Every structure is written in C-alpha cells, then in structure tokens.
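Take a look at the structure set out below.
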Amino acid sequence: MAGNKGSGGGPDRWSQDVTEGSDALDLEEGVFTWDDPARIARSLKKSAESSDRRKSSPYRSAMSMLTFYLNRAGKDLDAGRRDVLERAKDELRKAFGRD
C-alpha cells in the first residue's frame, strides 16, 4: 500500500522517526516547536557537540538536522513556524561563529 511502511499500517512517518530518534543527535523533546530561535540553536549546538555518533562536524550535524526538519515539514509548516526555524538557522550560524 503506497504511503504506508512497516507492519503498523499507519502513514509513513520516517522523517518523524529521524527527528525523534536520530542516531547522530539526541535532540531535546519538542525542540522544533519552541518559539525562541536562539534557544533552538543553543539546543541543537549542545546536542551536536555532545554527540559521539555524528559523522560530520557539530555545525554541519546541527544545521543538517534543522534543514532536514524544515524540508520534510514543507507545506505543513505555517508561516510563523517557518520564520522561527529560518531565524534559528541564523542563530545557529552565530553560535558556531559562522555569521
């Protein structure tokens, strides 16, 4: 059945599984729902720096996770949420000294 995966029969939620159970980063619960872009960036930075399972630099890992979430959420993100997450990318660059 198209759009379904696994034996659960529910909709394909692999991207949700990735953000919730990433093998590279241990994300704080609800990090992408927070309203403060700087807080999101700090959390992603902390997660990336403390991970011993990531395969690239902490900056790339954190930015990749944020970009992945933005891309996968796509049209389901309202303009306000998308704006917060886009600003979190700017804050992440600042946090890593790449502004």
Side-chain angles (χ1 to χ4, degrees):
M1 187 167 169
N4 290 334
K5 198 173 201 173
S7 61
D12 183 357
R13 298 279 186 191
W14 68 268
S15 60
Q16 180 179 1
D17 291 343
V18 169
T19 55
E20 290 177 355
S22 168
D23 191 42
L25 299 182
D26 293 322
L27 301 175
E28 283 188 79
E29 188 172 335
V31 65
F32 298 118
T33 65
W34 300 343
D35 293 328
D36 182 358
R39 181 179 175 209
I40 295 168
R42 283 191 307 271
S43 178
L44 290 171
K45 183 176 190 278
K46 180 181 173 187
S47 294
E49 289 178 336
S50 66
S51 174
D52 57 358
R53 299 181 314 273
R54 63 181 158 69
K55 295 178 183 169
S56 60
S57 72
Y59 171 74
R60 285 189 63 179
S61 293
M63 188 62 78
S64 292
M65 186 57 73
L66 181 53
T67 301
F68 173 82
Y69 183 82
L70 271 161
N71 289 343
R72 294 305 303 170
K75 64 182 183 332
D76 294 332
L77 279 180
D78 65 45
R81 173 71 17 219
R82 179 169 294 282
D83 182 58
V84 168
L85 295 173
E86 288 293 343
R87 287 187 288 139
K89 287 168 70 174
D90 293 335
E91 293 293 332
L92 198 54
R93 288 184 194 99
K94 288 179 195 174
F96 279 98
R98 295 180 179 230
D99 53 343

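Because the structure is a prediction, the values reported are computed rather than measured.
- Residues Glu28 and Leu44 form no side-chain contact, since every pair of their non-hydrogen atoms from C-beta on lies 4.5 Å or further apart.
- Here the shortest heavy-atom pairing between Pro37 and Ala88 reads CB-N, 3.6 Å.
- Salt bridge Arg82/Asp76: absent, no basic N to carboxylate O contact under 4.0 Å.
- Heavy atoms from other residues, nucleotides or ligands lying under 6.0 Å from CZ of Arg60 number 12 at most.
- Glu91 has its side chain out of reach of Ile40: every pair of non-hydrogen atoms, C-beta onward, lies at least 4.5 Å apart.
- Under a 3.5 Å cut-off, the side chain of Thr33 and the backbone N or O of Gly30 do form a donor-acceptor pair.
- Between Phe32 and Leu27, the shortest heavy-atom distance links the atoms CE1-CD1, 3.9 Å.
- Trp34 has its side chain within reach of Ser43: a pair of non-hydrogen atoms, C-beta onward, lies under 4.5 Å apart.
- Taking every heavy atom of both residues into account, Leu85 and Leu77 meet most closely at CD1-CD1, 4.0 Å.
- Partners of Asp83 under the salt bridge (charged side-chain N to carboxylate O under 4.0 Å, His left out) rule, at least two apart in sequence or in another chain, are Arg87.
- In terms of the salt bridge (charged side-chain N to carboxylate O under 4.0 Å, His left out) criterion, residue partners of Glu49 (sequence neighbours excluded) are, by chain and number, Lys45.
- In this structure, Ser47 and Ser50 approach most closely via the heavy-atom pair O-OG, 3.3 Å.
- No side-chain heavy atom of Val31 sits under 4.5 Å from any side-chain heavy atom of Arg39.
- Closest approach of Lys89 and Met63 over heavy atoms only: O-CE, 3.6 Å.
- Contact between Ala62 and Phe96 at its shortest, heavy atoms only, is CB-CE1, 4.4 Å.
- The residues Asp78 and Arg81 are annotated as not salt-bridged, no charged nitrogen and carboxylate oxygen being separated by less than 4.0 angstrom.
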